[in-house]
Trainee: 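One structure coming up, written as structure tokens, with questions to follow.
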Amino acid sequence: MIKAIKGVKDLLPEESPRWRFIEDTARRWALCYGFQEIRVPIFETTTLFARSIGATTDIVEKEMYTFADRDGSSLTLRPEGTAGTVRAFIEHNRAADPRPQKYCYVGPMFRHERPQAGRLRQFHQFGVESFGVSDPRADVEVMSLLWRLLSDLTLPGLTLEINNLGYTEDRAQYTPILVAFLKNVESRLCGNCRRRIEANPLRVLDCKVPDCRLATEDAPRLTDSLSPAARDHFESVTAGLQSVGIPFHLNPRLVRGLDYYCLTAFEVTCSHLGAQNAVGAGGRYDGLVEQLGGSAVPAVGFAVGLERIALMLPETVALPTRPRVYVAAFGTQAVKVGFTLLDELRRTGVPADMDFRAASLKAHLRQADRLEALYTIFLGDDEITKGVATVRNMQTKAQEDIAISQLPAALQTRLIHG
RNA sequence: GUGGGUGUAGCUCAGUUGGUUAGAGCGCCGGAUUGUGGAUCCGGAGGUCGCGGGUUCGAAACCCGUCACUCACCCCA
């Protein structure tokens, strides 16, 4: 038996209504905030991701699905959505169009990780990117959209955490100070954090090991190295969040895993979600467009993990939609008439179905019941000779005879008026 | 990449200190007098017990290996 490869999932018909509900809700809220959908390719040239996400990040170093095209050029399945969106923004010279430009996207992403709860190799994200506005209200707008969207989905135990990462220069100034401190307490840190002192010192502050937390309790804070401009921006962001009533927690240790973030970084976590409890995250990335060859365009955005939302979504929110009319045709003549009737119903917009295997009326009715049909049309040879069919209301069990030629119109009105 | 847990019917799971044709519930198909669903009753189909080796007169069970799934580390949405 050929099986799906590790870390990818089939979405079976029973669960697809939940996913459609999530995606529709996300698009609706994005539209409400003025974001419009962009669809960019699933794969891109490898250097796009290396240059935007950061060559030394885990994603680029060991998680990308990279392969050679037939001409030998290196391609990569997208591990996130921002890089491709920024590439499209630059390539189509959208910076020349009126700003701001606000995009949203939804689709599969690929990272070669060990699967676990809430983490797959092919997973799905919904995200937004707002280009062209450095005003802190753009940060607030994006966080507000994220918060309202997740709240509307009635996910339990949501928390919004935010931090100020400052400008690149601020971090460049802070990093040596932090490294010096960490080297002093190195003996108290876990093995991972010792390695991180050189590779990614900011991450040490985000370590969950209790001893590391203790050891870094008095570490110099990034906040103290921030430039006045960075402080002002962040103060406006927090004031803006308060003004629109979005609850948040300051988390000075919050660090994002992608190199391109600056100033505002945020993350929404969800309780009861297992170890992978970040349901959505994002931040500002003012330097990225320029870094990828565009003009200096500020930007801010977020991404949410759809699998993680689906894990938390209450069972009851989405129901499948199915054909409401069942055609029960039995008998040699009636089977032929029934098939053309079925097609005519569908052609005129009546959602209808029929089980081609069923030979007895009993089998037909069982199937109609299973499909939760509202009406069943009885079509036997008796009916054919009379030119009428019996229409049974499956809930009230009331039956009436209707001329076969009148059935599509009759069922249309019955479905509308109940 | 590193650990832990679990692999028996389509699904959820029983299966005693190793013992003969491997079970249940749900689901599926059919029947309960000829053309009326859901309930009930009856019947049926469906399994190389993840795979390979070993121990044994005998293995779903014990041992070794392997693969898959899963949770966690790591990382991230």
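Just so you know, these numbers use all the heavy atoms, side chains as well, and skip hydrogens, waters and symmetry mates. Every chain is numbered from 1 and lettered A, B, ... according to where its sequence line falls, protein lines coming before strand lines.
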Trainee: Can you tell me how far P of G37(B) sits from CG of Asp369(A), to the nearest Å?
Mentor: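 These atoms are roughly 10 Å apart.
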Trainee: Using whole Å, what does the distance between atom C1' of nucleotide A77(B) and atom CD of Glu161(A) come to?
Mentor: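 Going from CD in Glu161(A) over to C1' in A77(B) covers 15 Å.
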Trainee: Side chain of Arg203(A) only, heavy atoms from C-beta on: which candidate in C76(B), C69(B), G37(B) is closest?
Mentor: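 Side chain of Arg203(A) sits closest to C76(B).
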Trainee: Please state how far atom NE2 in His112(A) lies from atom C1' in C74(B), giving the value in whole angstrom units.
Mentor: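 After rounding, the reported distance stands at 14 Å.
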Trainee: When we call it a touch if two heavy atoms are under 4.0 Å apart, what does Met109(A) touch: a base, just sugar-phosphate, or nothing?
Mentor: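 Result for Met109(A) = nothing.
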Trainee: How many whole angstroms separate atom CG of Asp58(A) from atom C1' of C73(B)?
Mentor: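 Roughly 13 Å, once rounded to whole Å.
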Trainee: Taking atom P in both G3(B) and U21(B), what distance in whole Å separates the two?
Mentor: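 Going atom to atom, P in each nucleotide, I get 41 Å.
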Trainee: Just to be sure I understand the rule, does Phe330(A) reach a base, reach only the sugar-phosphate, or reach nothing, if contact means heavy atoms closer than 4.0 Å?
Mentor: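 If one applies the 4.0 Å heavy-atom cut-off, Phe330(A) turns out to touch a base.
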Trainee: On a whole-Å scale, what distance lies between the C1' atoms belonging to A9(B) and C26(B)?
Mentor: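 Roughly 12 Å separates the two C1' atoms.
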Trainee: Under a 4.0 Å N-O cut-off, is there an ion pair linking Arg347(A) with Asp343(A)?
Mentor: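 The answer is yes: the pair qualifies as a salt bridge.
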Trainee: Below 3.5 Å, does any donor atom in the side chain of Glu372(A) face an acceptor in the base of G38(B), or the other way round?
Mentor: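 Looking at the base of G38(B), it does not pair with any donor or acceptor on the side chain of Glu372(A) (distance under 3.5 Å).
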Trainee: Would you mind classifying the nucleic acid contact of Glu383(A) as base, sugar-phosphate or nothing, using non-hydrogen atoms under 4.0 angstrom?
Mentor: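 Contact class for Glu383(A): base.
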Trainee: Taking the side chain of Arg366(A) as heavy atoms from C-beta outward, which of C29(B), A72(B), G35(B) is closest to it?
Mentor: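 Selected nucleotide: C29(B).
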Trainee: Select base, sugar-phosphate, or nothing to describe what Lys3(A) touches, counting heavy atoms under 4.0 Å on all strands.
Mentor: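 Lys3(A): backbone/sugar contact only, no base atoms under 4.0 Å.
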Trainee: For the pair made of OH in Tyr260(A) and C1' in A77(B), what is the distance, rounded to whole Å?
Mentor: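 Atom-to-atom, Tyr260(A) to A77(B), this comes out as 11 Å.
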Trainee: In terms of side-chain geometry, is the basic nitrogen of Asp58(A) or Lys62(A) positioned less than 4.0 Å from the acidic oxygen of its partner?
Mentor: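 Here Asp58(A) pairs with Lys62(A) in a salt bridge, since their nearest N and O are under 4.0 Å apart.
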Trainee: Is there a Watson-Crick or G-U wobble partner for C73(B) with both distances under 3.5 Å, and which nucleotide is it?
Mentor: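 Partner of C73(B): G1(B).
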Trainee: Could you say whether Gln276(A) or Gly380(A) is positioned toward the 5' end of RNA chain B, judged by the nucleotide with the nearest heavy atom to each?
Mentor: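 Nearest-nucleotide comparison on RNA chain B picks Gly380(A).
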Trainee: Does OP1 or OP2 of C29(B) have a side-chain N or O of Arg357(A) closer than 4.0 Å?
Mentor: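 Affirmative; the distance criterion is met.
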Trainee: Hey, does Phe302(A) reach any base, or is it just sugar-phosphate, or nothing, if we go heavy atoms under 4.0 Å?
Mentor: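 The residue Phe302(A) makes no contact with any strand.
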Trainee: If the C1' atom of A24(B) is compared with that of G46(B), how far apart are they to the nearest Å?
Mentor: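 Between the two C1' atoms, the distance is 15 Å.
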Trainee: May I ask you to test the Phe49(A)-Arg78(A) pair for a side-chain heavy-atom distance under 4.5 Å?
Mentor: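 They are in side-chain contact.
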Trainee: Does U56(B) have a Watson-Crick or wobble partner in any strand here, with both distances under 3.5 angstrom, and which is it?
Mentor: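 By the stated definition (distances under 3.5 Å), nothing pairs with U56(B).
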Trainee: Judged by each residue's nearest nucleotide on RNA chain B, which is more toward the 5′ side, Phe123(A) or Leu379(A)?
Mentor: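 Final value for this comparison: Leu379(A).
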Trainee: Can you tell me the distance, in whole Å, between the CD atom of Glu63(A) and the C1' atom of G1(B)?
Mentor: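 One finds 11 Å between C1' of G1(B) and CD of Glu63(A), rounded.
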Trainee: Any base atoms under 4.0 Å from Ala281(A), or only sugar-phosphate, or nothing? Heavy atoms, all strands.
Mentor: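 Sugar-phosphate, no base atom in range.
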Trainee: Using a cut-off of less than 4.0 Å, is there contact between a side-chain N or O of Lys9(A) and OP1 or OP2 of U70(B)?
Mentor: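 Result: yes.
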Trainee: Compare side-chain N and O positions of Lys397(A) against OP1 and OP2 of U36(B) and report whether any pair is under 4.0 Å apart.
Mentor: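 The answer is no; no side-chain N or O of Lys397(A) sits under 4.0 Å from OP1 or OP2.
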Trainee: Looking at every strand, decide which applies to Gly127(A) at a 4.0 Å heavy-atom threshold: base, sugar-phosphate, or nothing.
Mentor: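 Nothing, no heavy atom under 4.0 Å.
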Trainee: What interatomic distance, in whole Å, is found between C1' of A59(B) and the corresponding atom of U8(B)?
Mentor: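 Those two atoms are separated by 14 Å.
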Trainee: Ignoring hydrogens and geometry, is there a side-chain-to-backbone donor-acceptor pair from Thr46(A) to Ser74(A) under 3.5 Å?
Mentor: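 Checked: pair present.
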Trainee: Look at the side chain of Arg114(A) and the base of G1(B), then say whether one donor and one acceptor between them are separated by less than 3.5 Å.
Mentor: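 Between G1(B) and Arg114(A), which were checked side chain against base, a qualifying N/O pair under 3.5 Å is absent.
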Trainee: Considering every strand shown, what is the Watson-Crick or G-U wobble mate of A68(B) when both distances are under 3.5 Å?
Mentor: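 Pair assignment: A68(B) / U6(B).
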Trainee: Are the ring centres of Tyr103(A) and Phe131(A) closer than 6.0 Å?
Mentor: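 Judged by ring-centre distance (under 6.0 Å), Tyr103(A) and Phe131(A) do meet the cut-off.
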Trainee: When you compare G38(B) with A32(B), how far apart are their P atoms, in angstrom units rounded to a whole number?
Mentor: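 It works out to 13 Å between them.
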Trainee: When the C1' atoms of C13(B) and A22(B) are considered, how many whole Å apart are they?
Mentor: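 About 14 Å, rounded to a whole number of Å.
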Trainee: With rounding to whole Å, what would you report as the distance between C28(B) and G10(B) at their P atoms?
Mentor: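 The same atom, P, in both gives a distance of 15 Å.
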Trainee: What does Arg308(A) touch in the nucleic acid at a heavy-atom separation under 4.0 angstrom: a base, only the sugar-phosphate, or nothing?
Mentor: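 Answer is base: heavy atoms of Arg308(A) come under 4.0 Å of a base.
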Trainee: Under a 4.0 Å N-O cut-off, is there an ion pair linking Asp152(A) with Arg28(A)?
Mentor: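 Yes.
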Trainee: Counting only distance, no hydrogens or angles, is the base of C74(B) paired donor-acceptor with the side chain of Arg119(A) under 3.5 Å?
Mentor: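 Present.
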Trainee: His364(A) and ring-ring contact (aromatic ring centres under 6.0 Å, His included): which partner among Phe356(A), Phe378(A), Tyr326(A)?
Mentor: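 Only one option passes, and that is Tyr326(A).
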Trainee: What nucleotide among G35(B), A77(B), C28(B) has an atom nearest to a side-chain atom of Arg370(A)?
Mentor: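 Out of G35(B), A77(B), C28(B), the nucleotide with an atom closest to Arg370(A)'s side chain is C28(B).
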Trainee: Establish, with yes or no, whether the OP1 or OP2 oxygen of C71(B) is under 4.0 angstrom from a side-chain nitrogen or oxygen of Gln116(A).
Mentor: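 Answer no for this pair, as no side-chain N or O of Gln116(A) is under 4.0 Å from OP1 or OP2.
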Trainee: Roughly how far apart, to the nearest Å, are U33(B) and C51(B) at atom P?
Mentor: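 Each nucleotide's P atom is 44 Å from the other's.
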Trainee: Going by purine N1 to pyrimidine N3 plus the second Watson-Crick contact, or the G-U wobble pair, all under 3.5 Å, which nucleotide sits opposite C49(B)?
Mentor: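 Base partner found: none.
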Trainee: In the strands shown, is G43(B) matched to any nucleotide by a Watson-Crick or G-U wobble pair with both distances under 3.5 Å, and which?
Mentor: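 Pairing partner: C29(B).
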Trainee: Under the 3.5 angstrom rule, does the side chain of Thr45(A) hit a backbone N or O of Leu48(A) as a donor-acceptor pair?
Mentor: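 A pair under 3.5 Å: no.
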Trainee: Applying a 3.5 Å limit to both distances, which nucleotide forms a Watson-Crick or G-U wobble pair with A24(B)?
Mentor: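 Check on A24(B): paired to U12(B), both distances under 3.5 Å.
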Trainee: Regarding Glu400(A) and Arg414(A), does a basic nitrogen lie under 4.0 Å from an acidic carboxylate oxygen?
Mentor: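 Looking at Glu400(A) and Arg414(A), the cut-off is met.
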Trainee: Counting only side-chain heavy atoms from C-beta out, which of G35(B), G37(B), C76(B) sits nearest to Arg392(A)?
Mentor: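 Nearest to the side-chain atoms of Arg392(A), counting from C-beta on, is G37(B).
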